[in-house]
Q: 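Structure below; questions to follow.
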Number of protein chains: 2
Amino acid sequence: MQEPTFLILTALAAQPLHGYGVIRAVDELSAGEVKLRPGTLYGALDRLTEQGLVTVDREEAVEGRLRRYYRLSDAGAAALQAQVERLRRHAAAAEVQLGRRLGGALSFGRMSAPTAGEVTG
Amino acid sequence: MQEPTFLILTALAAQPLHGYGVIRAVDELSAGEVKLRPGTLYGALDRLTEQGLVTVDREEAVEGRLRRYYRLSDAGAAALQAQVERLRRHAAAAEVQLGRRLGGALSFGRMSAPTAGEVTG
DNA sequence: GGAAGATAGTACGGCTGACGATATATACCG
DNA sequence: CGGTATATATCGTCAGCCGTACTATCTTCC
């Protein structure tokens with residue numbers, strides 16, 4: 001699962017939203033880092049609906065215009081929760097590896113100033 | 001940055017590895033969840049080398065066969081660290097949203113002024 | 001000695017998913 | 001009347017990943 005898809009599911013987790021609402025929610029959730037383009041959003045919503053992770057909650061006619069609300073399904077919530085744990089594991093693993101970087105360079109001298117005096121073997 | 005790319009950088013963080021070594025390291029780091037295929041690996045290594053996140057450490061001729069070792073550059077380590085933080089933020093945001101699911105599902109349809117992140121401030 | 005399998009790297013074709021651009025429609029402001 | 005914001009939808013393109021096939025060497029087993 002890629003970042004935009006993950007953030008769309010995240011946005012829908014709290015409450016059903018229509019397309020443009022998802023764009024704004026993702027913008028806020030990512031602190032402005034991720035701005036969804038329509039092509040990304042509706043492509044993802046279609047895909048996620050097909051996969052059963054998202055369902056159409058209701059359709060409102062607002063000022064003569066259709067407004068379609070999407071909702072996270074139970075399967076979608078489970079998938080999102082699983083992905084959260086996956087992300088956590090990967091982040092933890094990467095940090096451990098980065099911490100070993102000093103130790104690996106010690107054989108022929110340090111590459112940068114050691115911040116803490118420990119090197120675990 | 002996608003999962004395979006992230007895990008390749010993670011594998012190289014601790015020490016330089018040759019291609020096949022990366023495949024095994026990623027397998028271990030992901031607890032067997034991610035098995036890199038050659039197409040994914042060498043494509044990513046070429047790309048990451050072009051981007052300066054990875055450099056060729058050395059080339060050994062082992063038993064008449066070339067073995068090329070790749071190393072994570074300082075820029076690569078910085079990129080990986082940034083990605084770790086990004087992952088953590090996203091995981092935390094998703095969990096908060098999932099926690100709002102119960103409350104949000106209880107029959108309210110206010111969708112006027114407040115945007116998604118604003119419900120509890 | 002020969003087959004099978006692990007190790008190690010390269011090449012190529014196909015597919016999914018993300019993205020940018022664009023079209024459409026309405027409301028509001030000047 | 002035109003510009004901007006809201007809102008949905010479609011199209012074409014591209015990056016990245018995957019499967020597979022191919023080459024080559026070494027080890028293990030028969």
Side-chain angles (χ1 to χ4, degrees), chain A residues 1-12 16-28 30 33-54 56-70 76 79 83 86 90, chain B residues 1-12 16-28 30 33-51 53-54 56-70 79 83 86 90 111-116:
Chain A
M1 184 188 304
Q2 262 126 304
E3 208 177 31
T5 302
F6 177 84
L7 289 169
I8 289 169
L9 292 181
T10 297
L12 291 174
L17 294 170
H18 60 277
Y20 203 79
V22 173
I23 290 181
R24 285 180 302 184
V26 165
D27 184 41
E28 284 181 33
S30 67
E33 273 179 9
V34 180
K35 312 233 178 238
L36 289 183
R37 257 63 69 185
T40 304
L41 174 70
Y42 293 103
L45 285 175
D46 287 350
R47 203 184 339 118
L48 291 169
T49 301
E50 265 176 50
Q51 293 170 357
L53 303 187
V54 158
V56 174
D57 187 58
R58 63 188 188 277
E59 287 174 346
E60 284 177 8
V62 177
E63 332 231 343
R65 221 180 140 56
L66 185 73
R67 191 178 288 181
R68 186 175 292 135
Y69 282 79
Y70 295 89
Q83 191 63 19
R86 197 181 180 91
H90 287 171
Chain B
M1 184 187 304
Q2 263 129 302
E3 208 175 34
T5 301
F6 176 83
L7 289 170
I8 289 169
L9 293 181
T10 297
L12 291 174
L17 294 171
H18 61 275
Y20 203 80
V22 173
I23 290 182
R24 284 180 302 185
V26 166
D27 184 43
E28 281 179 37
S30 67
E33 273 179 8
V34 179
K35 312 232 178 236
L36 288 184
R37 256 64 68 185
T40 304
L41 175 71
Y42 294 104
L45 285 176
D46 287 350
R47 204 185 337 119
L48 292 169
T49 300
E50 265 177 50
Q51 294 169 357
L53 303 187
V54 159
V56 174
D57 188 57
R58 64 189 187 276
E59 288 176 345
E60 283 177 10
V62 176
E63 334 228 342
R65 217 176 144 59
L66 184 72
R67 193 177 288 182
R68 186 174 292 134
Y69 283 79
Y70 296 89
Q83 190 63 19
R86 197 183 180 89
H90 287 171
M111 260 311 296
S112 21
T115 37

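The structure presented is a predicted model; accordingly, all values stated were derived computationally and were not measured. Numbered from 1 within each chain, the chains take letters A, B, ... in sequence-line order. Only heavy atoms go into these numbers, but all of them, side chains included; no hydrogens, no water, no symmetry mates.
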Q: Please examine the side chains of D57(B) and L12(B), heavy atoms only from C-beta on, and report whether any two atoms are closer than 4.5 Å.
A: no
Q: To the nearest angstrom, how far is L53(B) atom CG from dG16(D) atom P?
A: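 Whole-Å distance recorded here is 11 Å.
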Q: Specify the separation, in whole Å, of atom CD of E3(B) and atom P of dT16(C).
A: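 One finds 19 Å between P of dT16(C) and CD of E3(B), rounded.
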Q: Drop me the distance from H18(A)'s NE2 to R24(A)'s CZ, to the nearest 0.5 angstrom.
A: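 It is 5.0 Å, given to the nearest 0.5 Å.
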Q: Which nucleotide sits closest to the side chain of A44(A): dG17(C), dA18(C), dA9(D)?
A: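 So the nucleotide nearest the side chain must be dA18(C).
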Q: Tell me the interatomic distance from L45(A), atom CG, to dC19(C), atom P, rounded to whole angstroms.
A: 13 Å
Q: When you get a sec, tell me which of dA9(D), dC19(C), dG17(C) is the closest nucleotide to the side chain of T40(A)?
A: dC19(C)
Q: Rounded off to whole Å, could you give me the CD-to-P distance for the Q2(A) and dT16(C) pair?
A: 13 Å
Q: Does any non-hydrogen side-chain atom of R86(A) lie less than 4.5 Å from one of M1(A)?
A: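 Answer no - side chains too far apart.
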Q: Check side chain to side chain contact (heavy atoms under 4.5 Å, CB included) between R68(B) and all other residues, then give those that pass, not counting sequence neighbours.
A: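 Result, side chain to side chain contact (heavy atoms under 4.5 Å, CB included) vs R68(B): V56(B), E59(B), L66(B), Y70(B).
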Q: Please determine whether side chain to side chain contact (heavy atoms under 4.5 Å, CB included) holds for the pair D27(B) and I23(B), giving the CA-CA distance in whole Å, both sets of side-chain angles, and the decisive distance to 0.1 Å.
A: CA-CA 6 Å; D27(B) 184 43; I23(B) 290 182; 5.7 Å; no
Q: Just the rounded figure in Å: distance from P of dA21(C) to NZ of K35(A).
A: 16 Å
Q: Could you state the CZ-P distance from F6(A) to dG17(C), rounded to the nearest angstrom?
A: 17 Å
Q: So which protein nitrogen or oxygen atoms get under 3.5 Å of nucleotides 4-8 of chain D's nitrogens or oxygens?
A:
residue: dT6(D); atom: OP2; partner: Y20(A); partner atom: OH; Å: 3.2
residue: dA7(D); atom: OP1; partner: R67(A); partner atom: NH2; Å: 3.0
residue: dA7(D); atom: N3; partner: R65(A); partner atom: NH2; Å: 3.2
residue: dT8(D); atom: OP2; partner: G19(A); partner atom: N; Å: 3.0
residue: dT8(D); atom: OP2; partner: Y20(A); partner atom: N; Å: 2.6
residue: dT8(D); atom: OP2; partner: Y42(A); partner atom: OH; Å: 3.3
residue: dT8(D); atom: O5'; partner: Y42(A); partner atom: OH; Å: 3.3
residue: dT8(D); atom: O4'; partner: R65(A); partner atom: NH2; Å: 3.3

Q: Hey, could you give me the OG1/CG distance between T5(B) and L41(B), rounded to the nearest 0.5 Å?
A: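 Here the rounded value is 10.0 Å.
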Q: Starting from C1' on dC17(D), measure out to CD1 on I8(B) and report it in whole angstrom.
A: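 To the nearest whole Å, that distance equals 10 Å.
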Q: Nearest whole angstrom, please: distance from the C1' of dC11(D) to the CG of D46(A).
A: 14 Å
Q: What nucleotide among dG17(C), dG20(C), dC19(C) has an atom nearest to a side-chain atom of R37(A)?
A: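 Taking heavy atoms from C-beta onward, the closest nucleotide is dG20(C).
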